[in-house]
Amino acid sequence: MSVEPGNFNRTQYRLGFWLLLAPILLWLSLLIILPHIDMVLVSLRERIAARQYAFSFSNYTAFFTEPLYWNTFVRTAVMSIIATVLTLIIAFPVSFYIAKVLTGRPKIALFILCLIPFWVSELVRTYGWMILLRETGLISGALQWLGLVDQPVEMLYNDVAIMVGLIYTSMLFMVVPLVTTLDSLDNSLIEAGYDLGGSSWHVMRSIVIPHAMPGIMSGCIVVFMLTLGNYLTPTLLGGKNSLWFTEQIYTQFITRFNWEQGAAFGILLLILSSLIVWLGLKITKQSFTRVMS
Amino acid sequence: MSVEPGNFNRTQYRLGFWLLLAPILLWLSLLIILPHIDMVLVSLRERIAARQYAFSFSNYTAFFTEPLYWNTFVRTAVMSIIATVLTLIIAFPVSFYIAKVLTGRPKIALFILCLIPFWVSELVRTYGWMILLRETGLISGALQWLGLVDQPVEMLYNDVAIMVGLIYTSMLFMVVPLVTTLDSLDNSLIEAGYDLGGSSWHVMRSIVIPHAMPGIMSGCIVVFMLTLGNYLTPTLLGGKNSLWFTEQIYTQFITRFNWEQGAAFGILLLILSSLIVWLGLKITKQSFTRVMS
Amino acid sequence: ETLRLLTWGGYAPQDVVEQFEKETGIEVKITLSNNEDMISKLRATRGAGFDLAQPSQDRIVSAQADFDIYKPMDLSKIETAKIIPSMLAATRKNTEFEGEVYGVPHVWGTSGLIVNRKAAATVKDYTDLCDDSLSGSVSYRLKRPTLIGFAFALGEDPFAAYGDTEKYQAILDKVEAKLVACKSNVKAYWSGGDALLNLMRSGEVSAAMAWDAGGWKLNAENPDITFVAPKSGALGWIDTFVLPRKTKAEEAAYKWINFVMQPEVAARITESAGNFTAAKGSDDFVNDSLKAQFKESFPQADLDNINWYPPVPAGLEEMEGKVLDRVKAAN
Amino acid sequence: MSDQAFAVDADAGVQEDLACTLLSKHFGEFAAVDEVSFSIPRGAFFSILGPSGCGKTTLLRMLAGFQQPDSGDILIKGSSVLHTAPNKRPVNMVFQHLALFPTMSVAENIAYGLKRKGVPKREHAALIDEVLAKVQLPGYGDKRIDQLSGGQKQRVAIARCLVLNPAVLLLDEPLGALDLKLREQMKIELKRLQREFNTTFVYITHDQSEALVMSDQVAVMNKGRFEQVGTPQELYYQPKTAFVAGFVGDSNQYAGTVQAQSDQIITIVTEHGVRLLSQSRQPMPLGSPITLFIRPEVMQISTSRPEAEQDNCLQVTILRMLFDGARSQLQVETAEGAVLTVALPQTADFHALEPGRSVYVSWQAGQSLCFPVSTETQPESVQ
Amino acid sequence: MSDQAFAVDADAGVQEDLACTLLSKHFGEFAAVDEVSFSIPRGAFFSILGPSGCGKTTLLRMLAGFQQPDSGDILIKGSSVLHTAPNKRPVNMVFQHLALFPTMSVAENIAYGLKRKGVPKREHAALIDEVLAKVQLPGYGDKRIDQLSGGQKQRVAIARCLVLNPAVLLLDEPLGALDLKLREQMKIELKRLQREFNTTFVYITHDQSEALVMSDQVAVMNKGRFEQVGTPQELYYQPKTAFVAGFVGDSNQYAGTVQAQSDQIITIVTEHGVRLLSQSRQPMPLGSPITLFIRPEVMQISTSRPEAEQDNCLQVTILRMLFDGARSQLQVETAEGAVLTVALPQTADFHALEPGRSVYVSWQAGQSLCFPVSTETQPESVQ
Ligand SMILES: Nc1ncnc2c1ncn2[C@@H]1O[C@H](COP(=O)(O)OP(=O)(O)OP(=O)(O)O)[C@@H](O)[C@H]1O
Ligand SMILES: Nc1ncnc2c1ncn2[C@@H]1O[C@H](COP(=O)(O)OP(=O)(O)OP(=O)(O)O)[C@@H](O)[C@H]1O
Ligand SMILES: NCCCCNCCCN
Ligand SMILES: [Mg+2]
Ligand SMILES: [Mg+2]
C-alpha cells in the first residue's frame, strides 16, 4: 500500500493512493456506465431490414403501448414492493432480537442462521423448494397426513411460492442493515423510554423505529432492487412466462434475440425502479445519502 | 412488538418474544433444512425401471467416476477461489480508502459507487456486458477504429469475461465486511504503528491486516460461496465454454430431468464448498464464529 | 375460465388467441417452452400447473412411463375429421402407452441445415459443419436432435439402434468424438430459435443445424440464406397436443385443439410458426411463397429421405445426456 | 452538624420513600448484589459509593425495574414493586450517558413522559416551561439535543424525569462524562435541584468527593454488600471497616502488628519497623496483623521537634513536594524507609521546604484508625 | 523551591530537546494552534494544560508528525523535523486510549518498535525485560493486552515508547480513561518514570491537578495560544492573565469596578456592592471593570471578628457546608448577597458550624488578584 505515513486519515489525498485507486474506480464505473451507454444506443434503433437499422423510439413506445409489457412491469413492481414490506416485517423482530436481546453465542447463532441462505446457491435452493413444494413433496404429504387436506396440494407455480422464495432470498439484505442500525441504538435510550412510562409499543414507535429509519430504508431499497432484478427465483418457482419483468428481458435477449427491445426494457427497468425508490424516499422524507451512509 | 419492558436485553428470553420469533425461526430453518432432507432422499435413489426407484449411491459415485463432473467442479472451485482472491485484492485498498482516508461526502460517494452494481439487476448488467463485449460491440468497434486490430474481436465467451463479471458482482460483498472491520480499527493504532517506526507496509502487515482478518475471512467466505453458486453470470458470459457446476445442476434438473443426479450434485456442492471454506479457515487459523460475528 | 397453454414460440399467435378468447370467453395464458423444459415443468408438479402442452410425439411415451405426467386423450372430443388421417394415425401409434392414446398431431416439420450460400456453400450434410473453413462460424443446439443428425451423417442409423443400448452407445461415442473435434468451429450453441436467426442475420454464423421454418424465414429476408435438407436426410418431427395429468381446464383444452384445427386458423399458425400443420385443407390458406420455399428445400427425393423420429425408449436420454455434457465440457 | 444531617433527622421515621430488604442478584455463581437492605427517608439525597464493579448499577437497575432480583423485596412508598413493570414504577432514572432522545427536541424529550402519563396535551407547555425554568434553562424547549453543552444536557435529563414527579429519582453516575471543572459546578447544582424539588434522590458514584459533598446519607458498597451506611461525616471520621477507611478520603496505609494494648490505645509496629500509637475501637489480640490508616491532613509538619506532647512524632526526610495549590502534599520518608504523604498547610512557611531536608511530623493516636486484617467484614444490618 | 524547579534551573540553557517557533495550524478559517513558540530543556517534564478544544492534541500531533503545520518550525535536538515522516522522528507518543496492539502480547508490543528500529533480534529479550522491570511489570511479557488492568496497560504503553530511547516522549491525556483512585497513583508513578528514564516528557491534560503535581514547567493553553508558561508555583501564585487565574486552582470570581488605587493596592466594588481591597500588578484606571480572584484557602474563618488587622473582613452567614473530608468548604453569603466559597480548616472547632450562623471571613489584599476585563490577553513571547 502506498499510504503516506500519518496522512492516511486526512483529506489531503495523496498521489500514490490515487494512482492505485484510479484504475479500480475507472473499472467500477466504466463497467456500469459503458454498457448502459451502449444499451441506450442499441435500444434507440429499430431494425428496418436485414442488417439495416434506423433511429427510433419504437422500442420504448412498445413498452407503453403493449399492455403485456406494461402489465408485467406493474405486476413485478407490486410484487417486489409487497415482498419488500413482508421482508421488513419479518426481519425487524429478528434483527431487534439479534441486536438488542441476545448476547454472546445465541446472538451469533441467530445471525448465522440468517446467513445460511447464502451458503446454498440460489439455484440449488430453488430446486430444493421445487422438490419440497410439489404435489408429491414433503409439505403436501405432511398436510395430507395431518388430515388438513384430503388430496395432494400443488404449491408450485403460483405467486405464494414466488413470494416465499423472494422473501427468503432477501432476508439477509434486510437483516444486516437493520442489525447494524439497531446495534448502534444505545440500550439506555430504550430503557429511558420504558422508564419514562412508555409501553413496549410506544418505545418501538417513538424511539426504536425513528432511530432505525436509515437502516429500514437502506434495507428496503436493496431488497426492492434485488427482488425487482431477480430472475431465477420467479422463473423457476413461478413457472409461467411473462410473470416477471426480467424474464421479459431474458426472453427478448435470448429467445427472441431482439436485443433492441431487450435493451430498451433494461433501461426502462433502471429508470422506473429508480423512480420508485425516489418516490419511496420522498414519501418517507429520507435523504439518499443519509440512508446509504 | 410484545417486548417485555426492560428485559429486552437480558438473557431471560421471554415467552412473548419467543412466540413471535418461533415461527420466523422455524420458517428460516425449515425452508433450508426440509428441502435439503428431501434432496438427500431424492439423490439416494436410482431409477431401475419406469417409475421404479431403488436406494443407491450411484448418483454420488457418478460424480467421482465420471471425470467430466469432477473436472467441472474443480474448475468451478478454482475459478471461484481466483475470483475471491482477486476481489479481495481489489476491494482491500478501496475499503481502506473508504474506511480510513475519506470522511464526509467523498466517503459516502465512494461507498455508493460500490453499491451501484446492486442498482442494476444482475441479468440486465450481464446483457449490458454482452452488448459491450461481443464481436459487433462497442469495444471491438473502438479497437478497430483505433487501428489496433484489423478485424472484429470476440471478447465474450471466455474465462476472462466470466472472471470480470464475477468479480464485479462480488465487490460489494467484500467491501461491506472490510469497511466494517476497518472502520472499527482505532486510527490511533495505525498512528502508533507509524510512531514506533513502522513503514506503511509494516503498519499494513502487522496492524491493519491482523485487525481486518475477520472481515477479510467473512468477505472471502461470502464471495466464494456466491461465486460458486452463481448461475447467470458464468452461463451468459461464458457461452459455449462456461462450464460452471451450477449449470450442470441446472442441466440435470431441467434438460435431463434427472432430478436424482441434480439433487446429488446440489448436496455435493454444499458439502464440498463447506469443506473448502473449512479448510480455508483451518489454514488461516480463523474460527467461524469469530469471523461471522 | 383460463387455459394455461405450454407451447412453442409461434404456435399460438396473438391474433389467434384473441379470436379464441372472443369466441369462447376463455382466457389463454401462454408459456413458451421446449421439449425438455415442458417435461421438467410437468415433472416437477406431476402434471399440474398447465392445462395443455405441446411436446413432440417422440417425447411422450417415455416421459409418461417414467413420470406419469400426462392424461389420456379422449379422441371422441376431438373433431378428428379436421386432421390429416395419416398423421393422426402415426401420432396415435407413437403416443400409445398402456392401451391409451396420449397425443394428437398439431405442427410438423423437419430439422436440417440453414446455410448462407455465399459463405458456406460446401455444407451439404451435418458433418460438413465441421469443415475447417467454417471455424468459429457454425452453430447448432446441444440437444438430442444434433446427436441423431450427426449419427445419420456419419452413416449410422440411430433409430434402428433404439432397442439395442450397446449399439446405441457405440453410435453415441462416435458422434461424441465428432462433436468434440468440431467444437472449435462452433460460435455458440443456440437454444432459442430466434437467437439462431439473429446470429445468421448478423453474419456471425454462416451455417447451422436448425429447423426448416427458420431457414425459410431468413430466406425471405436474404435470398443467400436458406434451409437445406441434409444428404443423410432431414429429421422429421411432429409436435402434438397432450393433456397434463392434472389439467384443470380439460374442456377448454379440447376447445382450443378443435379451434386451431380449423383450416384458416391453422393457416395463420403456419404463417407465424413457419411450419405446416396437421389440419386438413389448411394448405389452401397458406401463402404461396412458403409453399414455394418448401418445394425448393424438399424435392420429392428429399421428402422421401426424411427420417421421422420414432418414440424414444425410456433411459436413452440419460445416455445422451452424458454425451452432451462431455461435449460441453470438452476443450 | 451540617444541614444535611439535620434534614435527615427531621424526617427520619416519618415516612420512607424507598426500602429494600435482603435484595440479591446473581449472575451465574457470582453475587453482583448480595442481601442488601436499606431504607431511605422521604426527600433524602442518598448516595451509593463504591469501586467499579461492586454492583451499584445492578442495584439501581433492580430499583428501576430493569433487572429482576433473585430474592428480597423492594418497597416504594410502602408497597412492593417487585411485580411492577419499569414503565409503571413511580421511579425515574437519569442514565450515565443521559439517554436523551436525539431525534426529539428538548421540549419533546420532556413531553414524552407527560404523554405516556396521560397528562392532557394543553397542560404540557406550562409544565415544560416550569421545569425548564427550575433547571435554569428557560426558553430552551426548541433546541435540538446536539445543540446543548454537557451541563445543559445534564439538566434536561433531570428535568425530563422531575416533571413526572417521581417518588424517587435514580441517578447512575450522571457526572461521569463531564469534564473536571463542570463536574465541580454540577455537584452543587444537583444538590440545589434536589432541595428545590424535594424529591428523594438515589445517586450512585465511584467518586467519593461527589458522594460526600451532595449526600445526606452515603452507603459504601463493596463486592455486592453495603459496608457502612451513614452521613458523610460518619464515614469520613468513623469508618467501621478497613475498606471504608481506605476508600473514603485519602489515607496513608500501613500494615503492622499489635505490640501492646492499653485501654483504647494500641501500640503498633509497622512492616518497616516504625513504632506508632493508635486508637482502636475494638480489642485486638497482641501480635495480630492490622492495617493502620492515617489521613494526610491530621499530620502536622514542623521544622523543629514540636513542643506540645504528641502521641506520634517522627523525624523524616523530605522526598519531594507534590504541588497542587491548596491541596499540595509532601512525601516524606522515615529513617526506616516508610513513606508518608502529609498535607502541606497553606502557610507560606512551608513553601521553601526542599527535598532532603529533615522535618518532624506528628499526630495524636486518636487521629489514626486501625482495623484487623483478613477478618471478613460483616455486611451492614438493616438501618 | 521544590525539586522540580531545581531540576529545570540546573539544565536550563544547556541544551534543548524540543523547540517550536511560531507554530500554527488552521482548520479552514479556524486557528486550532496559533503561533505557538516554546522550548523544552533536556529531561524536563513539560505539561500543556488547557480546556477541551483549545488545540492541545493538534499541537502534539504536529510534534509527532501526524499533522503538518501551516507555518512555523519544529526543532528536535536542534534540527528541524518538519519534513521528517512520523516513523522517522525521534519522538514517541503515548495515546489517550494507549493504542496498544490488541493482537500482540505485551512483549510483542514492545518488540514492534525494536524490530522497526533494526535492533538485532537476540537483544530484544534483554531490552524488553529491562524496560518491563523499570515500569515494575517484571515477567509480564507473555500476557495478552486484555489481561492487564488499566494502570498496567498504561505502563506497557510507556514502556513500548521508552524502550526506543526517544528524544522526547509525547503523552496525550494518558490518565483520562482511568478511574479516580488509580489516576492519583499513576500521577506519582509517571513522575517517577520520567525521572528514572530521564527523558523529556511533553504531557497534555485538561486536569490542572495532574499538570501541577507532575510538571517542571506548565504551559497554559487557551484558544490555540499559550497564555503563560511557568513552574506550577508561578502559575498558581502569579498567574499573568485572568484565564490562568481562573483555570489553575479553585477561585471565587467576582466582577467589579476600580474605585480607588494607591500604590499596588486598589479598592474594588463588586457587582453586589461589596467593597474589597486587592493588590494589582498593573495600574488600573478608576472605574474600569475588573475581575477579582480570591482562592478559598486564603480566607480565614472566625466566629468572632478577627483581632489581627486584615485588609478585607466580611461578616457573612453560612449557607451550607460542602463536606469533603480534608477538602471541605463552606458556602457563605454576605449581607449584600454575594456568595463566597471558603476552605474549611481541618480543626475540630469548625465542625459544628451550622447553616444560618454568622461568621467572619478575612484575608489580606495581597492574597487576591485582579485583572482588567475584556482586554485580550497577549500570547506569551518565546520563553
Ligand atoms: N448482565 C450481566 N451478566 C453477567 N455479569 C454481570 C452483568 N451485569 C453486571 N455483571 C457483573 O456484575 C458486577 C457488578 O456490575 P455493576 O455494573 O453493577 O457494577 P458497578 O458498580 O455499576 O460498576 P461501575 O462503577 O464500573 O459502573 C460486575 O462484576 C459485572 O461484571
Ligand atoms: N481535523 C480537523 N478538522 C477540523 N477541525 C479540527 C480538526 N481537528 C481538530 N479540530 C478542531 O480544532 C480544535 C482543537 O482541537 P484539539 O483536538 O487539538 O483540542 P484539544 O485541546 O486536544 O481538546 P480535548 O481536550 O477535548 O482533547 C477543536 O475546536 C477541534 O474542533
Ligand atoms: N426433436 C423434436 C424437435 C421439435 C421441434 N419443434 C420445433 C418448433 C419450432 N418452432
Ligand atoms: Mg455502573
Ligand atoms: Mg485532545
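All heavy atoms count here, side chains included; hydrogens, waters and symmetry mates do not.
Annotation for Asn87(D) and Ser199(A): closest pair ND2-CA, 3.4 Å, computed over non-hydrogen atoms. In this structure, Gly198(A) and Tyr112(D) approach most closely via the heavy-atom pair CA-OH, 3.7 Å. Residues Ala64(D) and Asp195(A) share a closest heavy-atom pair of CB-OD1, 4.4 Å. The shortest heavy-atom contact between Arg160(D) and Ala192(A) is NH2-CB, 3.7 Å.
For a residue to count as touching a neighbouring chain, one of its non-hydrogen atoms must lie under 4.5 Å from one of that chain's; by this rule Pro166(D) does not touch chain A. Only the side chain of Ile207(A) comes within contact range of chain D, with heavy atoms under 4.5 Å apart. Of the atoms belonging to Arg89(D), not a single heavy atom falls under 4.5 Å from chain A. Using a 4.5 Å cut-off between heavy atoms, Phe95(D) touches chain A through its side chain atoms alone. Leu100(D) touches chain A through its backbone: at least one of N, CA, C or O sits under 4.5 Å from a heavy atom, while the side chain does not.
Arg116(D) CZ to Tyr194(A) OH: the interatomic distance, rounded to the nearest 0.5 Å, is 12.0 Å. A distance of 7.5 Å separates OG of Ser188(A) from NE2 of His97(D), quoted to the nearest 0.5 Å.
Proximity of Ser206(A) to Thr103(D): side-chain heavy atoms (C-beta onward) are nowhere separated by under 4.5 Å. Contact check for Glu191(A) versus Met93(D): no side-chain heavy atoms found under the 4.5 Å cut-off.
With a 6.0 Å radius and a threshold of 12 heavy atoms from other residues, nucleotides or ligands, Phe101(D) has its CZ atom above the threshold. The environment of CG in Asp146(D) is crowded: more than 12 heavy-atom neighbours from other residues, nucleotides or ligands sit within 6.0 Å.
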